[in-house]
Amino acid sequence: MTRVRNAIVSGLVLLLGRRRRRRPREEDTRIVPALPPNPAAELAVLALLGLSSLAALGFILIYAFANSLPAVTPLLGATIGLAFLFLAAALVVVGLRLVPVEEVAEEYPPHEHPGEQQVIAEVLDESGTRFTRARLFKLGLFGAGGTLGLALLAPAVSFGPLFHVGDFLRTPWRRGRRLVDENGRPYKASDIAEKDFYLAFPEGTSDEEKEQMAASLVVIRLPPAQLDLPPHLKGYDANGILAYSRICTHAGCAISLYRAPLFQPDEPRPALVCPCHYSTFNPANGGTVTFGPAGRNLPLLPVYIDSGGYLRATGNFDGPVGPSWWGVRLWKAQP
Ligand code: FES
């Protein structure tokens, strides 16, 4: 703790105590006349920068607690708008009250002359802000710029978590868990007919748990000869019975259409279709996307038929369930 405190104190001393080295000059006379100190304008600028920081901070807090606040969108618009407004007002006050205006008309010199360049550099230097609380002003400016930058970056959090993603990856599916229908009745393999489509849930889940993203499945049966599963999904089917996640990998709608191959040759392949934006998945080859905006395969749950003829899970899905987010690539299949 002591080392951290010392580091913070040293940093502040360096930031606030750093003195600008004065450039050696032949005469100690100013080229641009100095403005008289204007403490009221300086205070106004600091106050406006502080208000800009507070408004940007308000935006971040409203964004963070958006679920528990009413009228979030107008609040977000108002806070980010005020942050920019206060920042602009601070800069206007600086320009009107604190920066001396100097107009110099001069013939362009025929040749470079080091002495004249030095004078021009002096004029530029002295035309800068005459701010008696210069370091405080810099801190205010960095503070307002920093909080505004954070406020603009805050919405990126909505792309999804990068760390602590355990809750998103947890599924109720374990080896040996039976597949049941909406009323809790276990499915037998003989219940699953070709060209039909069944909803399934893990046995023993409550109605509330059935609503969880990774709980529900769509179960279909294809002739084993039609299966073309990639090598890492070999054995995921049970005699042609396939159990896919019901949640579309585009934006999380429920897959609720099954197009059996009824329109040959126009629609020769079976397809699971999401009704929201028509992402279409080929169940024969591991749920690959054949149409629409989904960016990844529909996750497949490995299943087997037990000695009583019931369908059971062999393990977990082959990929993360639901829409993609930053942490999806960190996912590792759990047996
Ligand atoms: S949510 Fe399924 S296609 Fe968009």
Side-chain angles (χ1 to χ4, degrees), residues 63-68 154-187 197-220 229-230 232-238 241-256 272 274 276-277 279 281 283 286-289 293-306 310-335:
Y63 199 86
F65 298 101
N67 289 342
S68 49
V157 173
S158 295
F159 284 123
L162 184 56
F163 306 108
H164 310 300
V165 294
D167 285 349
F168 289 80
L169 299 176
R170 209 165 291 132
T171 86
W173 292 103
R174 304 281 176 277
R175 182 175 176 81
R177 203 151 191 191
R178 286 199 293 190
L179 280 63
V180 300
D181 66 14
E182 283 167 287
N183 301 316
R185 193 184 70 84
Y187 278 111
F197 167 95
Y198 304 82
L199 290 187
F201 301 90
E203 186 174 32
T205 44
S206 63
D207 285 349
E208 194 180 321
E209 288 166 325
K210 280 181 186 155
E211 297 296 317
Q212 288 175 1
M213 199 159 63
S216 59
L217 303 172
V218 287
V219 181
I220 59 165
L229 294 176
H232 72 284
L233 295 180
K234 290 283 185 234
Y236 270 53
D237 71 298
I241 296 175
L242 296 152
Y244 282 97
S245 163
R246 193 184 173 208
I247 305 302
C248 179
T249 53
H250 174 227
C253 287
I255 305 287
S256 52
L272 290 164
C274 174
C276 287
H277 315 99
S279 282
F281 304 89
T288 54
V289 182
R296 345 181 246 114
N297 293 5
L298 207 53
L300 180 60
L301 186 81
V303 289
Y304 69 97
I305 303 167
D306 70 10
Y310 290 102
L311 281 174
R312 292 181 186 267
T314 309
N316 205 351
F317 291 98
D318 73 304
V321 170
S324 296
W325 33 276
W326 287 349
V328 158
R329 291 176 209 290
L330 302 177
W331 193 84
K332 295 277 180 295
Q334 305 293 317

Nearest-0.5 Å distance that lies between atom CD1 in Ile305 and atom OH in Tyr310:
13.0 Å
Gap between atom CE of Met213 and atom CD1 of Ile247 - 0.5 Å precision:
7.0 Å
Nearest non-hydrogen partners of [X] and [Y], listed with the distance:
X: Pro293; Y: Ser279; value: CD-OG, 3.1 Å
X: Asn297; Y: Gly286; value: ND2-O, 3.6 Å
X: Pro323; Y: His250; value: CB-O, 3.5 Å
X: Gly315; Y: Leu301; value: O-CD1, 3.4 Å
X: Ser245; Y: Val218; value: O-CG2, 4.1 Å

Quick one: are [X] and [Y] in side-chain contact, heavy atoms under 4.5 Å?
X: Leu199; Y: Glu182; answer: yes
X: Leu217; Y: Phe317; answer: yes
X: Glu203; Y: Pro186; answer: yes
X: Thr249; Y: Phe281; answer: yes

Axial cation check for Tyr304 ring with Arg175, 6.0 Å and 45° limits
yes
Val303/Asp237 under side-chain contact (heavy atoms from CB on, under 4.5 Å): CA gap, chis, key distance, verdict
CA-CA 6 Å; Val303 289; Asp237 71 298; 5.8 Å; no
As a quick check of understanding, evaluate side-chain contact (heavy atoms from CB on, under 4.5 Å) for Ile241 and Val219, giving each step before the final call.
CA-CA 7 Å; Ile241 296 175; Val219 181; 3.7 Å; yes
Counting N and O atoms only, with roles assigned by atom type, does the side chain of [X] sit under 3.5 Å from a partner on the main chain of [Y], one being a donor and the other an acceptor?
X: Tyr244; Y: Pro283; result: yes
X: Arg185; Y: Val180; result: no
X: Trp173; Y: Phe201; result: no
X: Lys210; Y: Ser216; result: no
X: Glu209; Y: Ser206; result: yes
X: Asp181; Y: Ala200; result: no

Looking only at side chains, do Thr171 and Asn316 share a donor and an acceptor under 3.5 Å apart?
yes
Report the C-alpha separation of Leu272 and Phe197 in whole Å, then their side-chain angles, then the decisive distance to 0.1 Å, and conclude whether the side-chain contact (heavy atoms from CB on, under 4.5 Å) test is met.
CA-CA 9 Å; Leu272 290 164; Phe197 167 95; 3.9 Å; yes
Ser324 vs Arg296, test: side-chain contact (heavy atoms from CB on, under 4.5 Å). Steps then yes/no.
CA-CA 8 Å; Ser324 296; Arg296 345 181 246 114; 2.7 Å; yes
Less than 2.5 Å separating the SG atoms of Cys276 and Cys253?
yes
Result of checking Gln212, Arg174, Arg177 against Pro202 for side chain to side chain contact (heavy atoms under 4.5 Å, CB included):
Arg177
Taking only residues two or more places apart in sequence or in another chain, which ones pass salt bridge (charged side-chain N to carboxylate O under 4.0 Å, His left out) with Arg312?
Asp306
